[in-house]
Amino acid sequence: MIAVEIAGIKMKTPVMTASGTFGSGPEYADFVDLNKIGAIVVKGTTLAPRDGNKGRRIAETPAGMLNCIGLENPGVDEFVGRILPGLARYDVPVIVNIAGFTVDEFGELAARLNVPGVAGLEVNVSCPNVKEGGIAWGVDCANVAAAVKAVRRNTKLPVITKLSPNVTDIVSVAKAAEDAGSDAVSLINTLVGMTIDIHRWRPELGNVTGGLSGPAVKPVALRMVWQVARAVKCPVIGMGGIMTAGDAVEFLLAGARAVAVGTANFVNPRASVEIAEGIKDYLVERGLRHVSEIVGKVNDNI
Amino acid sequence: MIAVEIAGIKMKTPVMTASGTFGSGPEYADFVDLNKIGAIVVKGTTLAPRDGNKGRRIAETPAGMLNCIGLENPGVDEFVGRILPGLARYDVPVIVNIAGFTVDEFGELAARLNVPGVAGLEVNVSCPNVKEGGIAWGVDCANVAAAVKAVRRNTKLPVITKLSPNVTDIVSVAKAAEDAGSDAVSLINTLVGMTIDIHRWRPELGNVTGGLSGPAVKPVALRMVWQVARAVKCPVIGMGGIMTAGDAVEFLLAGARAVAVGTANFVNPRASVEIAEGIKDYLVERGLRHVSEIVGKVNDNI
Amino acid sequence: MSKTVAQGIVIEHFSLAPMIKRLTLGAPAIARSARPGQFVHVRVGDSYHPLLRRPLSIAEVDREVGNITIIYRVVGQGTALLASLPPGEFVDCMGPLGNGFDMETERPLLVGGGMGLAPLLFLAKALCPKPATVLMGGRTKQELWWRNVFLGVCRSIHVTTDDGSLGRKGFTIDLLPELLENCEYDRIYACGPLRMMQGVAKLAKAQGIPCQISFEDHMACGVGACLSCTCAGTDGKRRKVCSDGPVFWAEEVLDLS
Amino acid sequence: MSKTVAQGIVIEHFSLAPMIKRLTLGAPAIARSARPGQFVHVRVGDSYHPLLRRPLSIAEVDREVGNITIIYRVVGQGTALLASLPPGEFVDCMGPLGNGFDMETERPLLVGGGMGLAPLLFLAKALCPKPATVLMGGRTKQELWWRNVFLGVCRSIHVTTDDGSLGRKGFTIDLLPELLENCEYDRIYACGPLRMMQGVAKLAKAQGIPCQISFEDHMACGVGACLSCTCAGTDGKRRKVCSDGPVFWAEEVLDLS
Ligand SMILES: Cc1cc2nc3c(=O)[nH]c(=O)nc-3n(C[C@H](O)[C@H](O)[C@H](O)COP(=O)(O)OP(=O)(O)OC[C@H]3O[C@@H](n4cnc5c(N)ncnc54)[C@H](O)[C@@H]3O)c2cc1C
Ligand SMILES: Cc1cc2nc3c(=O)[nH]c(=O)nc-3n(C[C@H](O)[C@H](O)[C@H](O)COP(=O)(O)OP(=O)(O)OC[C@H]3O[C@@H](n4cnc5c(N)ncnc54)[C@H](O)[C@@H]3O)c2cc1C
Ligand SMILES: Cc1cc2nc3c(=O)[nH]c(=O)nc-3n(C[C@H](O)[C@H](O)[C@H](O)COP(=O)(O)O)c2cc1C
Ligand SMILES: Cc1cc2nc3c(=O)[nH]c(=O)nc-3n(C[C@H](O)[C@H](O)[C@H](O)COP(=O)(O)O)c2cc1C
Ligand code: FES
Ligand code: FES
């Protein structure tokens with residue numbers, strides 16, 4: 001009743017874990033049965049290993065948090081060689097979030113991830129916490145299209161493009177991704193924010209600014225998902241501040257065909273599974289038979 | 001110690017009330033001494049009277065709220081003829097927030113507000129809740145510049161441009177406003193958001209989307225104020241989620257020379273005065289003599 | 001200053017019925033100046049979530065002791081938080097807000113449905129010794145615990161239920177024509193669902209009885225500053241429910257033709 | 001599964017000193033598997049504000065009864081909320097998280113400053129009957145209520161204060177060389193400010209005594225998933241404070257040259 005297929009990726013539930021918030025999965029295995037998660041999107045992976053940003057990396061904000069991890073990761077080869085094999089024993093699709101600093105790097109990352117065990121690629125053109133690449137790509141339609149094309153050329157895997165909300169017109173970026181061959185779009189990545197320590201007259205974060213996530217951003221995320229879902233034909237994966245099944249249902253009603261849970265994992269490590277169960281309850285209570293019956297339904301009343 | 005002058009407007013405190021959240025002032029006179037407020041920015045005023053949007057106009061969100069008032073106001077003539085005279089007995093600068101739907105309307109509004117009792121104009125190129133004008137202007141540098149120029153031509157009063165945060169690059173919009181003759185910029189207006197009633201499969205707001213304000217947006221607002229203050233020469237008025245004196249100090253440290261308090265008024269009608277007092281305490285505790293000593297000081301540590 | 005922000009101390013707080021709470025707050029400044037029909041704007045916690053105040057009618061006042069009483073239904077996060085406060089805790093209240101009912105009546109009829117009966121309770125008490133007649137409606141008998149609350153502060157109580165489990169089966173507006181037959185009343189006060197108030201106001205107009213109604217809307221400021229709660233007056237002018245209302249003359253805001 | 005999310009019930013909660021609280025929670029599953037040096041990740045309320053959990057060291061454990069005890073300083077919003085919880089309330093705890101101290105020692109020396117003494121308390125108790133020597137430092141006498149807490153679970157207590165109001169005037173690292181003179185200890189455990197741990201580790205290295213330290217960092221997930229809390233190891237590899245630590249061998253993460 002809640003199984004979905006997004007761009008050819010078969011998921012037992014429409015609830016994925018958002019990149020960067022769930023490690024590669026096993027970190028949370030003590031708390032939640034990974035086999036019950038729709039899909040695990042692993043932390044942003046780059047060609048070379050990265051240490052990430054210096055200094056403090058998270059700060060709490062009203063109903064939200066800022067992070068400036070800066071894409072710390074062991075690099076794609078280490079991922080393929082050491083981490084991916086450990087995921088084989090779980091029955092859950094693994095989607096790799098890839099972050100390149102040039103168009104070629106995106107292509108190269110896609111090529112190196114043509115290995116068993118990878119269910120799809122999420123093209124991260126929207127990381128706010130790195131100087132080059134990342135958000136610089138994500139706000140420009142041509143760059144997004146170029147990155148997606150480079151990935152598309154080098155893989156047969158489903159390609160999802162992860163969009164930045166820090167733009168005037170998210171719909172045109174989504175369309176650019178779709179036109180460039182992306183099989184789905186996911187949104188939102190984090191909003192760029194900042195917080196200042198008034199005692200020390202310093203930014204709280206080592207990188208000065210960071211990405212805002214959590215319940216605070218939900219209204220903005222939901223609005224963007226609604227706008228994009230009306231404008232593109234490909235599936236939309238909605239995220240941004242989802243804490244409860246009710247929040248997830250809002251995204252589905254807005255037009256998302258699946259959702260991802262990020263910050264909520266930190267608060268409740270079982271969030272991804274409990275939210276999926278809550279969606280099922282929601283459907284049962286209303287006598288609905290499949291989650292697809294509510295997707296985009298808010299548009300009937302607008 | 002906390003008196004400031006912004007674009008020629010002398011204010012007893014650096015804490016103004018944000019447009020649309022404080023009526024024209026007397027609405028709150030039972031709760032707070034209006035003479036102790038830095039400046040009152042009145043509700044967005046248009047040429048013709050407006051009824052605003054139909055249906056529900058506010059919704060609560062995590063640590064924030066959405067509104068879609070839709071610029072309900074009695075029109076500029078009624079404002080000048082009936083409301084403004086009532087403000088004469090208060091010793092507080094009155095800044096009129098003006099919203100035109102064409103460049104000419106901005107000019108015309110400025111012309112009609114060349115009357116005693118108006119201390120300055122805030123050019124609202126960023127209202128997210130009206131179909132034409134409003135946000136459509138605010139996201140395009142050329143439009144913003146045209147609106148500001150039209151206002152500038154028709155007034156000798158200080159001109160403040162209120163910027164929309166729903167843009168990829170707020171710095172270039174701020175610069176466009178400054179280059180067009182704006183004496184100051186104020187930011188942020190609200191972020192466009194949405195929320196859905198999952199029982200009725202409808203948007204909660206009558207206008208589908210609305211503007212997000214309150215503590216939830218503070219990290220985004222602070223980041224934008226910091227970016228803009230580093231890039232323009234004119235004074236910056238910071239706002240977005242300020243609830244406490246500490247929040248206000250963050251904006252001052254980020255480079256704002258004054259701040260405005262919006263949603264906080266709804267929670268604590270004395271917020272604008274208590275925050276000013278709190279800023280004074282902050283300065284006294286640190287042996288500082290004037291609020292200007294902390295403006296932009298975060299940049300010393302970046 | 002009659003309107004104020006007061007830290008009301010919880011004096012008494014108990015359930016009147018499932019999900020219905022009666023909260024008495026020590027708030028002398030508000031108690032002193034409150035009039036029937038006014039409300040308090042209540043902060044339900046210190047956190048930023050929930051952020052906004054909740055408007056709640058003043059249902060009873062004890063001027064001597066300095067107490068106000070609120071009767072409310074637990075419907076969402078805010079009222080649930082409020083419901084958890086034990087005696088001795090403080091509740092931040094802005095009020096009294098809005099205008100009140102016009103009290104120039106000799107033979108008043110009060111018509112209420114659901115939580116709309118809360119402001120009518122204050123009104124009924126305030127009208128004594130000119131006791132009011134009360135007509136109350138609910139879906140079932142279970143909703144009409146209100147009867148006990150009104151006993152002793154009114155002349156008589158007439159009851160309707162949608163399912164007929166108590167009093168007359170039907171809506172208040174089904175029973176109202178009978179009550180109006182002898183044209184005994186010189187003023188009707190209605191508070192409840194909009195459709196009910198509309199129906200009452202039409203019947204009142206037909207009988208030439210002045211009628212006041214009390215509106216509800218989502219409110220941010222509660223004092224007329226934010227325009228969250230405006231509605232159109234029949235004269236074409238806008239009204240703010242929080243400050244021009246919540247009590248209006250029916251013909252001021254309802255199309256009764 | 002040894003790590004779990006438990007609704008710990010507040011058994012006892014009182015002040016040990018100004019702004020310092022001792023909280024005992026009934027949380028059998030956590031109590032059963034907790035080792036000294038581990039922490040619990042605590043949700044301080046149901047609201048979204050504050051949103052994140054707070055990492056707090058396990059300071060005592062009663063395995064039989066199934067209780068864990070936390071000793072914490074009220075520093076901000078989260079700890080203030082926690083401090084308001086009366087017995088009977090529930091606290092959502094994830095744990096036990098992180099790795100613990102290596103317990104292979106015969107003659108342990110524990111060096112702590114400030115709230116760094118909390119995990120060392122659990123360690124001291126767990127090491128008995130091989131009693132530890134404890135060296136503790138604080139700014140003033142007032143900060144060293146910790147002495148009473150450690151009495152009876154260690155061999156001896158050595159104290160330094162910055163102002164000399166109790167014990168030796170100076171820092172723990174000023175007194176440490178004397179304690180190490182006879183080379184009596186086969187293991188040093190340090191927890192406190194980074195500078196202190198750095199100093200202790202250097203002295204330990206000079207004496208050839210293996211040394212463990214416990215790190216702190218801002219944490220979101222607490223389980224190694226978010227990379228909020230990573231640091232560089234001396235081998236060039238990254239370490240996560242929450243899951244690879246918080247306890248590390250000094251030379252693993254500190255440059256001791
Ligand atoms: C003038 C006035 C007087 C009222 N008097 C009473 C009373 O005496 N007893 C009583 O039980 N209720 C009364 N209400 C309704 C009461 O305000 C809501 O039930 C309450 O705000 C719900 O808050 P919540 O957080 O529990 O619900 P949620 O649904 O979680 O609230 C979400 C948001 O919507 C607003 N909201 C929800 N329902 C209403 C509503 N019906 N009217 C206005 N805003 C709403 C809340 O204030 C909040 O901002 C009154 C409303 C108004 C306008
Ligand atoms: C492994 C570990 C064990 C700890 N054990 C103890 C203990 O036993 N006793 C004790 O008093 N304190 C301990 N701390 C510190 C404790 O976590 C912080 O004091 C607490 O999180 C502050 O929360 P707050 O909301 O009161 O402060 P705020 O300053 O309002 O917190 C804001 C944010 O910063 C984080 N934060 C603030 N200070 C720290 C800090 N020092 N370390 C990590 N995050 C911080 C908070 O978790 C929160 O996310 C420990 C920290 C770690 C990492
Ligand atoms: C600590 C942290 C790290 C993140 N790292 C990544 C990342 O590597 N790649 C990416 O595309 N998004 C990353 N994100 C963004 C999330 O995947 C998600 O888009 C965002 O947090 C909004 O969802 P949420 O509000 O549910 O957390 C990260 C978010 C957080 C909080
Ligand atoms: C109910 C409401 C009405 C508003 N109306 C206006 C308006 O008319 N003109 C305008 O420029 N901004 C308007 N704003 C935006 C505020 O002035 C302010 O920019 C924004 O709310 C962010 O500040 P805050 O978080 O302190 O509220 C309105 C905001 C709210 C909440
Ligand atoms: S609630 Fe603000 S005007 Fe009525
Ligand atoms: S707190 Fe998330 S990795 Fe350590």
Side-chain angles (χ1 to χ4, degrees), chain A residues 59 61-66 135 138-140 164-169 191-203 208-212 214-227 241 243 245-254 282 286 294 297-302, chain B residues 59 61-66 135 138-140 164-169 191-203 208-212 214-227 241 243 245-254 282 286 294 297-302:
Chain A
T61 69
M65 63 175 284
L66 289 168
I135 211 168
V139 301
D140 182 291
S164 166
N166 302 286
V167 296
T168 308
D169 179 10
L191 282 163
V192 182
M194 176 176 181
T195 167
I196 294 176
D197 180 335
I198 62 169
H199 303 293
R200 299 168 64 229
W201 294 11
R202 288 179 189 281
V208 183
T209 62
L212 184 66
V217 308
K218 201 195 75 178
V220 175
L222 190 69
R223 182 263 298 181
M224 290 185 165
V225 165
W226 173 70
Q227 288 179 316
M243 301 294 285
D247 295 337
V249 167
E250 282 190 73
F251 280 84
L252 297 167
L253 289 169
Y282 178 91
R286 283 161 183 77
I294 66 172
K297 277 296 180 286
V298 77
N299 291 311
D300 294 356
N301 293 308
I302 286 174
Chain B
T61 69
M65 64 175 283
L66 290 168
I135 212 170
V139 300
D140 182 290
S164 168
N166 302 285
V167 296
T168 308
D169 180 9
L191 282 162
V192 182
M194 176 175 181
T195 167
I196 293 176
D197 180 335
I198 63 169
H199 303 293
R200 299 168 64 229
W201 294 12
R202 287 177 188 281
V208 183
T209 62
L212 184 65
V217 308
K218 202 195 74 178
V220 176
L222 190 69
R223 181 263 298 182
M224 290 185 165
V225 164
W226 173 69
Q227 288 180 314
M243 300 294 284
D247 295 336
V249 167
E250 282 190 74
F251 280 83
L252 297 167
L253 290 168
Y282 177 92
R286 282 159 184 79
I294 65 171
K297 277 295 180 288
V298 78
N299 291 311
D300 294 357
N301 294 308
I302 287 176

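To find a chain, count down the sequence lines: A is the first, B the second, and so on, and within it residues start at 1.
- If you tally non-hydrogen atom pairs under 4.5 Å between each of A/Arg286, A/Lys218, A/Arg202, A/Met243 and chain B, the highest count goes to A/Arg202.
- With a 4.5 angstrom heavy-atom cutoff, B/Ile198 touches chain A via backbone and side-chain atoms both.
- Between B/Arg223 and A/Val192, the closest heavy-atom pair is NE-O, 2.9 Å.
- Ranked by non-hydrogen atom pairs under 4.5 Å with chain B, the options A/Pro215, A/Gly64, A/Ala221 are led by A/Pro215.
- Of the residues considered (A/Asn299, A/Val220, A/Leu253), A/Leu253 shows the highest number of contacts with chain B, using heavy-atom pairs under 4.5 Å.
- At a 4.5 Å heavy-atom cutoff, the contact between A/Trp201 and chain B is made by backbone and side-chain atoms alike.
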task = Could you give me the CA-CA distance, side-chain angles and deciding distance for A/Trp226 and B/Ile196, then say whether side chain to side chain contact (heavy atoms under 4.5 Å, CB included) is met?
result = CA-CA 10 Å; A/Trp226 173 70; B/Ile196 293 176; 5.8 Å; no
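- Using a 4.5 Å heavy-atom threshold, the side chains of B/Thr195 and A/Pro219 count as separate.
- Proximity to chain A (any heavy atom under 4.5 Å) is restricted, for B/Val208, to the side chain, taken from C-beta onward.
- If you measure heavy-atom distances from A/Tyr282 to chain B, the contacts under 4.5 Å come from the side chain alone.
- Contact detail for B/Gly241 and B/Asp247: the closest heavy-atom pair is O-OD2, 3.7 Å.
- Looking at heavy atoms from C-beta onward, A/Pro203 lies out of side-chain contact with A/Thr209 at the 4.5 angstrom threshold.
- Every residue two or more places apart in sequence or in another chain that forms a salt bridge (charged side-chain N to carboxylate O under 4.0 Å, His left out) with B/Asp197 is listed here: B/Arg200.
- In this structure, A/Leu252 CG and A/Ile294 CD1 are separated by 4.5 Å, a value rounded to the nearest 0.5 Å.
- Both the backbone and the side chain of A/Leu222 come within less than 4.5 Å of a heavy atom of chain B.
- Using a 4.5 Å cut-off between heavy atoms, B/Ala59 does not touch chain A at all.
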